[in-house]
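First comes the structure, then the notes that go with it.
Since we're looking at a predicted model, the values are computed, not measured. By convention in this document, chain letters (A, B, ...) are assigned in the order of the sequence lines, proteins followed by strands, and residues within each chain are numbered from 1.
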Amino acid sequence: MERYNARDIETKWQNLWKEGGFYRSSPDPARRKFYCLEMFPYPSGNLHMGHVRNYAIGDVVARFHRMNGYNVLHPMGFDAFGLPAENAAIKRGVHPAEWTMRNISLMKADLEMLGISYDWDREVATCLPDYYKWTQWLFLLMYKRGLAYKKKAAVNWCPECNTVLADEQAETGKCWRCGTPVTRKDLDQWFFRITDYADRLLDDLRLLTGWPERVKTMQENWIGRSEGLLIEFPVDGLDERIVVFTTRADTIFGVTFVVLAPEHPLLEKVTAGTGRETAVRDFVSRIARSPAADRASEGASREGLFTGRYAVNPLSGERVPVWVADYVLMEYGTGAVMGVPAHDDRDLDFARKNGLPVRVVIQDESGNPTDEGLADAYVGPGTMVNSGMFDGLESEEGKRRVAAYVEEKGIGRRHVTYRLRDWLISRQRYWGAPIPMVYCDKCGVVPVPEEHLPVTLPKDVDFVGAEMSPLVSCPEFVNTTCPCCGEPARRETDTMDTFMCSSWYYFRYTSPRETRLPFDPEAARYWLPVDQYIGGIEHAVMHLLYSRFFTKVLYDAGLVDFVEPFTNLLTQGMVLKDGAAMSKSRGNIVEPRELIERYGADTARLFILFAAPPEKELEWSDRGVEGSSRFLNRVWRLVLGIAGDTAVDRQRAQMKPVRSAADVGAGGAALRRLTHATIKKVTHDIRGRFNFNTALSALMEMVNGIYRYMQECPRGSRDQVALAEAADSLVLMLAPFAPHIAEELWHRLDHAESVHLQPWPVHDEEVAKSQRITVVVQVNGRVRDRLEVDPDSSAEELQRAALESRRVGRFLEGRRIKKVVTVPGKLVSIVTE
RNA sequence: GCGGGUGUGGCGGAAAUGGCAGACGCGCAGGACUUAGGAUCCUGUGGGCGACCGCCCUUGUGGGUUCAAAUCCCACCGCCCGCACCA
């Protein structure tokens, strides 16, 4: 028999699919659409296993839906702006554009080699002018809507990448890309007012029923909505008020000090005239120099200094000292906190270090804690004590009453604050979309008019690393004329965060050659939102939050009619080897290209889909790969054997249900049952739950079953109808997983059309149903016998059969039956005394 | 610390709603075919006992609910991930 040669088959079909434009898609209002999207890659030059897994999963989803009659959009492109290209330019002298475009073609070749069903006509690369023109257009949209603004702020700076980072990109005090601890820098930067959308980004998480709970929780925590109270503390001896934010208004009588952040604008004024000016200034500059990561960690020292000034507790009238300390962050709340050491861990730590008093104002039912017996801060709920007119109130009620009181007196108000900060989008790098703004001495900051877009990146620049965008030293780029007055002006030299490019690419795919707008609203209305988005969990906050924000802005601008871009989200697990993520330094990398060259794309895809469910981590196994290869070989030989079995006239069953007993020969009924039960199981596993591993195991069982049938029935007595149906069904169901071998075998089974254009097989419930099923009989919870019965046996019949069983009888001897539970189709459970 | 996840044979992993634990695959053992096989095909494979007839134990640990628990409840332990001075 002809051997299975994966590589030959794969290149053959890939070429034919390409020529036939097989996976091209266009809107068709008459058909249900399905937008299947995988996160597009950064073109680093080579595909890694994580990509393969991502795209293999996506391809099953896309192909499955196509076979189920959906009009499927399945595009691919490249997130092509970014630092590695620029670093390559500095290191090796290659131009970032050249480096990137070469990598794109390399990766595209890898993707094609995998046989993923992309509509390549819709390919986008974010670094091309006809794409980034629209990224710039969207920046202008943000600007017009008052959502883009420039401000000087202390921002995260990565000394390795030589650029600033958004908060989301410096999550643990380290650069998301290179892991270098970030430092603080005061810079004039462009921001997007994502905080204006904080509530909607939070509330609309409820709409995302197709998202993993985990991702929603991460976003919820990141947005960090917190309800509380702003309260003014007048400064003793000055006409100034320190405004603090607190979520624990019920503890206000426990305030024994007030703390300002080192960057607090009032600090200098407060300190002035106290004789402590120098000490405070020295302290502040020392803190400013320390790494941001140190300051932002809980284990840090909590250093502070008395400012020499006092503030007045607006409720108790008590004078409390004003301190400055590193543990208070200017970025959160008001940059000032009221110190309640008895009921806050950090305040207690700080108070103990600095000899400040501690006063308990909340106690539980048993009157704890007390000032004397306080070991740890008591942060739980309780009753207010030592709190004047509020004594005796339960803490939640106390919060409300204090808030009402403060608002009535005009010394504060209820306030909601967020952890989320505005999105810093400036980058001091070359390889990004230029921010389309111009600085004119006369007109100030002026946006580039839409009709002048794109602001093109100049090709000739000096990349030698500096702390400023290489564009600064490119006079042809910088020098321009003011769009308002026509006088000489300077261009903005920072480029945009690449996350901006990736926040809207799924819109562009719907009409990638649109020239009047970033996307054709008509096409977007048909295709969007994305029905299934698939990618890594690492983007849970960054990319996915930004994309949601963009979508909401586009909605507000009337460009789209939905508020969430991704209806269903699947976060695939990592690919591990020897228990750890594949990495160069660890030396545990498996190269997809080598794998494909050795076993073929179908084997590679099959193994990845079989080894673990998509959401879980996948432990790589070279042996497992061999197993998948063996399975495909088994399928190959089986189907070819059936196709070549000309002993009897072959009839195509075409999934028609059995009409009469005459349709089915010896053993044919059992084979048909296997076929239809497998169709049922595989369909269910793919559709609802993406359990590709169990779907594949069902196909393996089916193959085993067909082999058994062949072995049990000699050549002449086989049921050709049932066999043809089995082979057809098997190949059809294999098509989404291993598209090349399925296509080849489909043609070998004498079908003229592509397997990928066939409808997904439908099972017949009657045929799938077993004639006999096993019902277990338990005595006192232990299985004592198994009954082979008709699936429709009634409870009474089952019970009678169970009690008649000799095996069961042995365990019933001398005992009285107390109870019998019968579940038809499942079991009979007998309980004795 | 807070939030989320996870724990099942030698390994990857199965067990829709509580109802035969260990599907499928890998590995291993034995056999068949072979000059040979690391190809292919059969058989066996959680642990223990035992006249292949079976019995007992077993889903991180300890309790509980139930005729029945990997699955539900309570407490604990391990590992993984995210956030982490957020007032």
Could you give the distance separating rG82(B) and rU65(B) at their P atoms, to the nearest angstrom?
40 Å

Name the nucleic acid region contacted by N704(A), choosing base, sugar-phosphate or nothing; use a 4.0 angstrom heavy-atom cut-off, strictly under.
sugar-phosphate

Who passes side-chain contact (heavy atoms from CB on, under 4.5 Å) against R414(A), sequence neighbours left out?
L229(A), A403(A), A404(A), E407(A)

Quick one: side-chain contact (heavy atoms from CB on, under 4.5 Å) partners of T256(A), sequence neighbours excluded?
P341(A), P357(A), R359(A)

Can you find a side chain N or O atom of R786(A) that sits less than 4.0 Å from OP1 or OP2 on rC20(B)?
no

Run the side-chain donor-acceptor check on residues 606-625 of chain A: report pairs under 3.5 Å with partners two or more places apart or on a different chain.
unit_1: E619(A); atom_1: OE1; unit_2: G579(A); atom_2: N; d: 3.2
unit_1: E619(A); atom_1: OE2; unit_2: D578(A); atom_2: N; d: 2.8
unit_1: E619(A); atom_1: OE2; unit_2: G579(A); atom_2: N; d: 3.4
unit_1: W620(A); atom_1: NE1; unit_2: D622(A); atom_2: OD1; d: 3.0
unit_1: S621(A); atom_1: OG; unit_2: R623(A); atom_2: N; d: 3.4
unit_1: S621(A); atom_1: OG; unit_2: G624(A); atom_2: N; d: 2.8

Classify the nucleic acid contact of G224(A) as base, sugar-phosphate or nothing, counting any heavy atom under 4.0 Å across all strands shown.
nothing

Syn/anti label of rG30(B) as read from its glycosidic torsion, with the cut at 90° from 0
anti

For nucleotides 67-74 of chain B, give me every protein contact, N/O to N/O, under 3.5 Å, one pair per line with atom names.
unit_1: rC67(B); atom_1: OP1; unit_2: K819(A); atom_2: NZ; d: 2.9
unit_1: rC67(B); atom_1: O2; unit_2: S829(A); atom_2: OG; d: 2.7

Pairwise P distance, rA15(B) and rA87(B) [rounded to whole Å]:
41 Å

Between K353(A) and E303(A), does any side-chain N to carboxylate O distance fall below 4.0 Å?
no

Supply the atom-to-atom distance I642(A) CD1 to Y709(A) OH, rounded to the nearest 0.5 angstrom.
9.5 Å

Output every pair passing salt bridge (Lys or Arg N to Asp or Glu O under 4.0 Å) with a member in residues 250-262 of chain A, not counting sequence neighbours, ordered by first then second residue.
R248(A)-D250(A)

Could you work out, with side-chain contact (heavy atoms from CB on, under 4.5 Å) as the rule, every residue matching T822(A), not counting sequence neighbours?
A795(A), L798(A), Q799(A), V820(A), V828(A)

K826(A) meets the side-chain contact (heavy atoms from CB on, under 4.5 Å) criterion, sequence neighbours left out, with V823(A)

Between the protein and nucleotides 45-54 of chain B, are there any N/O to N/O pairs under 3.5 Å, and if so, what are the atom names and distances?
unit_1: rG54(B); atom_1: OP1; unit_2: R807(A); atom_2: NH1; d: 2.4

Between CG on residue L632(A) and CD1 on residue I741(A), distance to nearest 0.5 Å
4.5 Å

Centroid-centroid under 6.0 Å between F499(A) and H543(A) rings
no

What nucleic acid atoms does T774(A) come within less than 4.0 Å of, heavy atoms only: base, sugar-phosphate, or nothing?
base

For R623(A), which contact category applies under a 4.0 Å heavy-atom criterion: base, sugar-phosphate, or nothing?
sugar-phosphate

Would you tell me if any nitrogen or oxygen in the side chain of R782(A) comes within less than 4.0 Å of OP1 or OP2 on rG19(B)?
no

Give me the distance, rounded to whole Å, that separates rC20(B) from rC80(B) when you measure between the C1' atoms they each carry.
33 Å

Taking CG from L632(A) and P from rC24(B), how many angstroms apart are they, rounded to a whole number?
18 Å

List in chain and number order the residues that pass side-chain hydrogen bond (donor to acceptor under 3.5 Å, both in side chains) with D199(A), two or more places apart in sequence or in another chain; answer none if no residue qualifies.
R225(A), Y418(A)

Steps toward side-chain hydrogen bond (donor to acceptor under 3.5 Å, both in side chains) verdict (R634(A), N704(A))
CA-CA 9 Å; R634(A) 243 167 101 71; N704(A) 294 344; 2.7 Å; yes

Just the table, please: protein N/O against nucleotides 5-13 of chain B N/O, every pair under 3.5 Å.
unit_1: rG12(B); atom_1: O2'; unit_2: A611(A); atom_2: O; d: 2.8
unit_1: rG13(B); atom_1: OP1; unit_2: E617(A); atom_2: O; d: 3.4
unit_1: rG13(B); atom_1: O3'; unit_2: N693(A); atom_2: ND2; d: 3.3

Side chain of V776(A) only, heavy atoms from C-beta on: which candidate in rG3(B), rC20(B), rC24(B) is closest?
rC20(B)

Applying the Watson-Crick and G-U criteria (both distances under 3.5 angstrom) with [ ] for crossing and | for other-strand pairs, one obtains for RNA chain B (((((((..(((......[....)))((((((.......))))))((((....))))..(((((..]....))))))))))))....

Protein N or O to nucleotides 39-42 of chain B N or O, pairs below 3.5 Å:
unit_1: rU40(B); atom_1: O3'; unit_2: R637(A); atom_2: NH2; d: 3.1
unit_1: rC41(B); atom_1: OP1; unit_2: R634(A); atom_2: NH1; d: 2.6
unit_1: rC41(B); atom_1: OP1; unit_2: R637(A); atom_2: NH2; d: 3.3

CG-CG distance between N691(A) and D685(A), expressed to the nearest 0.5 angstrom
5.5 Å

